[in-house]
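Sequence lines set the chain letters: A, B, ... in the order given, protein chains first and strands last, and positions in each chain run from 1. Since the model is a prediction, treat every value here as computed from it, not as a measurement.
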Amino acid sequence: MVKRLFGVRILSVFFVLALVTAGLTGANASTFEGKTLKLIVAYPAGGNQDLEARAIAQILPKHIPGSPRVLIVNMPGAGGLQAVKYVYSAVKPDGLSLGFFGASPPTEQLMADYLPKGRTLPGVDMRKFNWLGSSGGRGYVFIVRTDTPYKTLNDLLKASSPLKAGATRPGSTTFVGPALLKETLQAPIDIITGYRGGSDRDLALFRGETQGQYGSFSSMVTRNRDWLKDKLVRPMVLLGQKIPAEELQEAFGTSDIPHISELVKKPEDVALIEMAMAPGQWGRLIAAPPGTPAETVMVLRKAVSQLAQDPEFKAVVKKRGMSLSPLTGAEVDQRVQSYLKTDPATVKHFLKMVDES
Amino acid sequence: MIEASLNGLFHVVSWPVFGYVLLGVIIGSIAGPIPGVGGPLTLVLLMPFALQLDNPFSAFALLLSAHGVMNTGNSITAILFGVPGTNSAQALVVDGYPLTRKGEAGRALGASFFSSGVGGVFGAICLVAAIPVVTPLVKVFGSPELFMLAIWGLSMVGMLAGRNVLKGLAMGGLGLMLAMVGLDPQRAIPRYTFGDAYFWDGLPLIAIGLGLFAAPEAIDIIKRKNLFPEELRTAKVKVEDVWRGVGDAIRHWGLLLRTSALGVWLGIIPGIGGSVIDWLSYGHTVQSSRDREQFGRGDIRGVIGPDAATNSKEGGGLIPTIAFGVPGGVGMAILLGAFASLGLTPGREMLTEKLDLTFGLIWTIALSNLIAAGGLLLLAHHLARVTRIRGSLLGAIIMTFTILGAFMARRHPFDLVILLIFSALGAVMKAYDWPRPPVLLGFVLGDILERYLFISFRTFGAAWFWRPGVIAIFLLIVVSLVAVPARRPDPGPQSRESEAVPP
């Protein structure tokens with residue numbers, strides 16, 4: 001009997017060895033072949049960011065060896081932080097679960113040391129994520145209604161009473177933009193927070209409840225074409241990525257709009273703007289959990305950057321009115337690392353600005 | 001305009017577009033009743049498929065009919081099991097489910113589907129009529145007016161409490177308090193968050209709604225072993241019951257039209273979600289009725305009113321969506337995404353050069369609602385049979401739907417803990433006659449009230465009080481409260497048991 005069992009034992013040893021060897025094999029097609037890749041999206045289903053993720057999910061499989069199916073899992077909890085935590089620690093780092101986050105998680109980490117409540121995600125180190133890429137930055141514009149007396153930015157800066165601009169939450173993009181204008185240019189803007197989102201603010205501007213608004217140029221062109229046709233709004237100043245002159249011309253009838261970088265020269269203000277705009281310039285982040293094998297990360301990074309060049313993807317993006325100028329994983333990593341090393345004086349300046357606005 | 005209208009109709013009834021309308025109706029009818037599935041998720045799942053269709057009419061046919069019909073289907077589980085299929089079906093549970101308990105499920109379903117159909121078609125008609133008026137309308141409705149609408153909703157809390165107005169007010173207050181949990185809208189200051197980011201987005205509506213309503217009913221059924229006593233179980237579900245329900249809806253045609261109109265107007269206003277419209281229309285139904293005794297215990301009007309409004313709101317919601325690109329609701333927000341992908345820009349274009357496409361949308365809404373209502377009416381008596389299942393199994397089915405629905409909303413496991421807490425609360429409230437609808441009403445209104453109150457002060461100073469829109473709504477509130485006084489039933493200690501507060 002012992003002899004019979006011995007044979008079984010040998011076989012099982014070989015079996016286990018075979019499994020272990022297979023596990024140790026690099027990320028070739030077998031890693032992804034026939035598998036489903038889950039993209040954990042930190043946004044609710046149906047929103048703009050979710051649609052971006054779905055566009056990616058549609059075409060990404062082409063660029064991953066083994067062409068796995070990409071499945072979207074929406075996890076919008078805790079302002080998106082639930083997804084971050086989940087991908088950081090609750091999934092297997094085998095490359096089959098990836099995260100699609102907003103731009104703000106690194107900000108949470110940067111601010112934590114300066115805020116009384118500390119970290120909302122203790123233990124999650126953004127530097128340890130394997131960044132695969134991001135949706136990239138965009139250009140922003142601050143617009144005012146044409147029925148205000150301000151034809152150029154200089155007019156606005158000389159205004160005697162503040163202009164009301166709608167924003168969502170303090171700390172959000174819609175808030176930080178005007179706050180920067182107030183802080184670095186002393187623009188007389190009264191930021192009204194509490195609006196629920198893009199369309200809420202759009203309506204307020206349309207009704208005249210607010211007179212100015214800060215937002216992404218591409219969203220405005222997509223969503224509010226009537227405003228441009230009717231000349232309801234006028235551009236005051238640009239921030240973020242440079243927008244091609246032809247596009248500005250087509251939208252506003254002029255491309256002679258100042259960019260904040262031309263106007264702000266004081267080093268501490270320049271540093272402030274760089275820090276405040278940094279998340280907006282990397283956009284939605286795509287991440288693999290810490291501990292994912294280096295080879296797998298390489299394969300995924302390559303897939304994401306190939307996706308960005310893919311004409312089919314570009315066509316889908318254009319058709320859906322989205323604007324993506326993706327960054328590679330390496331670029332994102334470098335930016336996040338340097339962001340987290342921002343000079344404390346600048347961070348404190350930022351917090352002071354948010355508080356006062 | 002007639003030409004565009006006929007053009008649009010022609011597109012919608014021709015094959016393959018019509019096929020997609022039918023497909024959308026089927027999908028919506030199946031997804032609508034299932035909590036967690038009906039609503040945005042179904043639309044999002046349909047999107048990639050729809051976007052690949054060549055003909056934009058086909059894509060919209062599919063998406064819009066699925067979306068609209070979910071509002072018809074969501075009443076199925078609300079009435080039969082006391083489980084709201086989507087957030088817009090919560091008020092239906094209050095009177096629809098007691099009707100099932102009395103053995104009148106067929107009647108309730110009949111009234112429900114018919115009202116949904118009428119509401120949906122009405123919404124489509126209003127869409128046509130609104131095209132010229134939409135711009136001035138949207139301009140008039142600012143943050144102060146939104147706030148006042150929410151106040152109007154609050155004024156109905158007393159109505160939802162039945163006899164015991166004080167308890168109702170207290171529970172409405174509880175709902176408002178629960179709405180405060182999370183980051184405040186103005187300064188993002190965390191409130192009642194126990195230091196945990198989980199609470200930042202506020203408490204999950206669907207877990208609260210399901211916990212308060214569905215779970216206590218499930219427990220009750222299991223305790224009683226059956227949904228209703230033996231005699232009713234053995235009685236056959238007759239098709240005539242369903243048509244009786246339809247007859248009821250027709251008899252109350254005034255209510256039907258009023259709540260359809262209410263649904264459309266509320267749907268036009270961006271910022272008022274489906275659940276708010278649901279409760280507001282229920283509250284209005286109660287307020288405008290002289291005889292309020294039966295509300296909460298199976299008054300068919302409590303089914304007719306909300307059902308019409310929740311379907312007509314879709315037509316209303318489409319108005320700002322196509323005219324301004326401002327979504328009239330969560331479903332519309334998703335549809336906007338589809339618009340962009342199909343190369344359609346909301347705005348004046350849709351009302352001028354692309355008017356035939358707009359009419360295609362309108363016809364899709366009208367037709368899908370009609371088909372769904374008709375089809376479901378034919379199936380209604382079969383659906384009602386489901387309630388014959390023995391109690392322990394029925395209770396298990398309800399609990400499965402409840403847990404599934406609560407989890408699907410955000411996929412956060414702690415949502416299930418919230419479900420548990422509110423189920424316990426709901427069971428206690430039911431046992432001790434504390435009214436539950438005011439909690440939900442307070443909860444859904446809380447965010448709107450706070451947000452727009454602050455914005456109103458910030459943008460207008462105190463001057464917002466004198467805005468014509470504000471004054472108009474204020475008068476509306478006063479009128480609603482005093483115009484139709486309830487017939488006062490005879491108070492007296494011995495009659496207290498029979499006048500139990502509605503659940």
Side-chain angles (χ1 to χ4, degrees), chain A residues 40 44-48 50-51 54-55 57-58 72-82 85-86 108 117-118 120-121 164 166 168-172 175 190-200 202-204 206-210 222-227 229-230 316 319-322, chain B residues 40-41 43-45 47-48 51 138-144 183-188 190 195-201 204 270-271 320 323-327 330-331 333-337 339-343 345-349 410-412 414-415 447 450-452 454-456 458-460:
Chain A
I40 318 277
N48 283 334
D50 175 65
L51 292 179
R54 285 177 198 269
Q58 207 178 311
I72 302 274
V73 175
N74 293 94
M75 208 178 272
L81 294 176
Q82 179 195 347
K85 192 161 167 206
Y86 185 74
E108 185 270 320
K117 61 177 157 83
T120 314
L121 287 180
K164 296 193 173 68
T168 51
R169 257 185 204 158
S172 67
F175 177 90
D190 198 4
I191 308 178
I192 316 280
T193 50
Y195 286 101
R196 271 207 222 163
S199 18
D200 227 12
D202 285 347
L203 266 185
F206 181 67
R207 283 190 222 116
E209 199 169 280
T210 51
T222 316
R223 280 200 331 241
N224 305 115
R225 209 175 284 179
D226 277 350
W227 290 359
K229 270 200 260 177
D230 293 340
V316 167
K319 196 167 172 238
R320 295 188 190 180
M322 297 190 245
Chain B
L41 183 61
L43 279 183
V44 169
L45 292 176
M47 277 269 270
L51 293 178
V138 165
K139 280 205 175 148
V140 162
F141 253 92
S143 301
L183 295 181
D184 98 271
Q186 261 65 34
R187 300 294 301 171
D196 197 325
Y198 167 78
F199 291 101
W200 281 6
D201 298 322
F324 304 111
V326 174
V330 178
I334 299 175
L335 285 173
L336 263 184
F339 272 51
S341 311
L342 292 163
T345 342
R348 267 201 322 279
E349 205 183 36
R410 305 195 304 186
R411 293 176 152 264
H412 197 298
F414 201 78
D415 282 3
D447 180 67
E450 185 177 13
R451 211 178 266 275
Y452 294 112
F454 278 96
I455 292 181
S456 299
R458 289 275 278 146
T459 50
F460 297 108

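Contact annotation for B:Asp196: neither backbone nor side-chain heavy atoms come within less than 4.5 Å of a heavy atom of chain A. Residue contact with chain B, scored on non-hydrogen atoms closer than 4.5 Å, involves the backbone and the side chain of A:Tyr195 alike. When heavy atoms are compared at a cutoff of 4.5 Å, A:Thr168 approaches chain B solely by way of its backbone atoms N, CA, C and O. The contact between A:Ile191 and chain B is made entirely by backbone atoms, counting heavy-atom distances below 4.5 Å. For B:Phe414, no part sits under 4.5 Å from any heavy atom of chain A, backbone or side chain.
Side-chain atoms of A:Arg207 come within 3.5 Å of backbone atoms of B:Phe141 as a donor-acceptor pair (strictly under, hydrogens ignored). Judged by distance alone, the side chain of A:Glu209 and the main-chain N or O of B:Ser143 form a donor-acceptor pair under 3.5 Å. With A:Arg196 contributing its side chain and B:Pro185 its backbone, the two residues share no donor-acceptor pair below 3.5 Å.
Counting heavy-atom pairs under 4.5 Å between each of A:Leu81, A:Thr210, A:Leu203 and chain B puts A:Leu203 at the top. Interface remark: of the candidates A:Asp200, A:Asp202, A:Leu121, A:Asp200 forms the most heavy-atom pairs closer than 4.5 Å to chain B. The candidate from B:Asp415, B:Asp184, B:Leu183 with the greatest count of non-hydrogen atom pairs under 4.5 Å with chain A is B:Leu183.
Residues A:Gly194 and B:Gln186 share a closest heavy-atom pair of CA-NE2, 3.6 Å.
Within 6.0 Å of atom NZ in A:Lys85, 12 or fewer heavy atoms from other residues, nucleotides or ligands are found, so the atom counts as exposed in its surroundings. Counted within 6.0 Å of OH on B:Tyr198, heavy atoms from surrounding residues, nucleotides or ligands total more than 12; the atom is thus considered enclosed.
In this structure, B:Phe454 CZ and A:Ile192 CD1 are separated by 12.5 Å, a value rounded to the nearest 0.5 Å.
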Open item on the list: Before you tell me yes or no, could you show the steps for A:Asp190 and B:Arg458 under side chain to side chain contact (heavy atoms under 4.5 Å, CB included), namely the whole-Å CA-CA distance, both residues' side-chain angles and the distance that decides it to 0.1 Å?
Closed with: CA-CA 9 Å; A:Asp190 198 4; B:Arg458 289 275 278 146; 3.2 Å; yes
